[in-house]
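Report on the following structure.
Order of listing sets the numbers, starting from 1, for every ligand and every atom in it. This structure is a prediction, so every number in the text was calculated from the model and none was measured.
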Amino acid sequence: MDDLKAKYLGEIADAADEATLETIRVAAIGKKGEVSLKMRELGKMTPEERQTAGPALNALKNELTSALAARKAGLADAALDERLRNEWLDVTLPSRPSRQGTLHPISQASEEITAIFAEMGFAVAEGPRIDTDWYNFDALNIPSHHPARAEMDTFYMHRAKGDDRPPHVLRTHTSPVQIRSMEAQGAPIRIICPGGVYRADYDQTHTPMFHQVEGLALDTDISMANLKWVLEEFVKAYFEVDDVELRFRASHFPFTEPSAEVDIRCSWKDGTLKIGEGDDWLEILGSGMVHPKVIAAGGIDPDVYQGFAFGMGIDRVAMLKYGIPDLRAFFDSDLRWLRHYGFVSLDVPTLHGGLSR
Ligand code: PHE
């Protein structure tokens with residue numbers, strides 16, 4: 001019995017995990033374990049022998065049972081200690097250095113513009129930045145020898161000699177998305193399309209890539225008055241002022257008739273711009289009633305549907321709102337500039353929550 005005790009207590013002490021402990025338990029005090037078999041032999045003993053062997057066997061069984069339980073608890077404690085060691089976190093460490101990147105002012109302005117027009121029921125549409133010259137020009141009533149093509153400083157995609165697929169261009173404006181949206185959705189339609197556009201031009205106020213937002217609303221009863229209201233609401237919301245004065249200046253675009261460029265009343269005092277007061281006017285967009293030929297090119301009957309379209313420079317209104325003097329800085333990817341002019345990426349602009357903070 002002493003041998004049994006020494007053997008099993010030794011094994012229990014050496015057991016490295018619960019599975020091993022269980023094997024030891026079965027071998028010692030399980031139904032067919034060594035100690036249990038010995039207990040069965042009690043029946044064959046004389047009463048005297050039984051009187052000493054019985055209590056001794058019971059004591060051995062109890063001792064092994066508690067040794068098993070103690071070792072099991074010890075193993076669990078060790079496992080917990082190990083886990084705590086691994087998952088330890090020094091909460092007294094300083095936090096990470098402040099954020100590196102911010103939301104670019106063009107992204108911010110696009111989000112703000114989208115939030116405002118969404119509130120007025122405009123959905124966001126998209127189109128490719130590389131488009132055919134049909135979408136970029138012909139469908140918009142700009143035939144091949146129209147002077148507007150030359151004015152736009154278009155980037156044409158290279159074509160190998162003998163390749164007679166229709167020419168592709170980097171879109172010079174977001175207006176081709178008018179046609180694509182009409183084709184895809186039909187009428188009535190109310191969309192805006194923010195996105196990048198390209199023209200071969202470079203100075204303080206021009207970059208070869210810049211951003212526009214197109215607007216298009218077609219229905220059976222839309223007039224210039226609706227255009228004016230929508231733009232007034234937009235400008236008030238975007239510049240976060242209570243009142244604005246818009247000026248519609250007669251203009252010409254091949255794809256709208258009549259056409260108007262829109263200025264807003266403003267003042268420049270000590271280099272800062274104030275919207276809604278003063279004696280200056282600031283041009284912010286081109287607009288008009290969509291030309292019947294353009295509506296027809298989009299696959300819609302211009303005798304039934306009419307409406308307005310506008311195109312606004314996002315970079316321009318972002319510069320105006322956030323006091324950014326040089327357009328070219330938008331495209332420099334200078335982190336110091338971005339830290340100064342950028343926005344916290346989690347502050348999604350909404351009309352009720354505030355556009356910019
Ligand atoms: N596409 C014009 C431009 O880029 C803007 C515009 C859009 C004007 C829609 C009128 C209607 O200058």
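- When non-hydrogen atoms are compared, ligand 1 lies under 4.0 Å from neither the backbone nor the side chain of Met289.
- In this structure, Phe308 does not count as a contact residue of ligand 1, since none of its heavy atoms falls inside 4.0 Å of the ligand.
- A side-chain donor from one of Tyr198 and Arg129 sits under 3.5 Å from a side-chain acceptor of the other.
- Counting heavy atoms closer than 4.0 Å to ligand 1, residue Phe310 contributes backbone atoms (N, CA, C, O) but none from C-beta onward.
- Just one of Asn136, Ile130, Thr132, Thr154 meets the side-chain contact (heavy atoms from CB on, under 4.5 Å) condition when paired with Arg171; it is Asn136.
- Taking any N or O of His173, backbone or side chain, at least one lies under 3.5 Å from an N or O belonging to ligand 1.
- Remark: ligand 1 atoms within the under-4.0 Å shell around heavy atoms of Gly311 are 5 (C), 6 (C), 7 (C), 9 (C).
- Smallest separation of non-hydrogen atoms from Thr174 and Gly195: CG2-O, 4.0 Å.
- In this structure, the protein non-hydrogen atom closest to atom 2 (C) of ligand 1 is Phe255 CZ, 3.6 Å.
- Annotation: Ser287 places no N or O atom under 3.5 Å from an N or O atom of ligand 1; distance criterion only.
- The minimum heavy-atom distance between Ser287 and Leu285, with the atom names listed, is CB-CD1, 3.8 Å.
- Thr172 contributes no side-chain N or O that, together with a main-chain N or O of Arg199, makes up a donor-acceptor pair within less than 3.5 Å.
- The closest approach between His252 and ligand 1 stays at or above 4.0 Å for every heavy atom of the residue.
- With no hydrogens or angles considered, a side-chain donor-acceptor pair links Arg159 and His168 at under 3.5 Å.
- Residue-to-ligand polar distances keep Gln178 apart from ligand 1: every N/O pair is separated by 3.5 Å or more.
- Which parts of ligand 1 touch Ser175 is read off a 4.0 Å heavy-atom cut-off, strictly below it: atoms 1 (N), 7 (C).
- The distance criterion of under 3.5 Å between nitrogen or oxygen atoms is met by Gln212 with respect to ligand 1.
- Counted within 6.0 Å of NZ on Lys236, heavy atoms from surrounding residues, nucleotides or ligands total more than 12; the atom is thus considered enclosed.
- The ring of Phe117 has its center closer than 6.0 angstrom to the ring center of Phe234.
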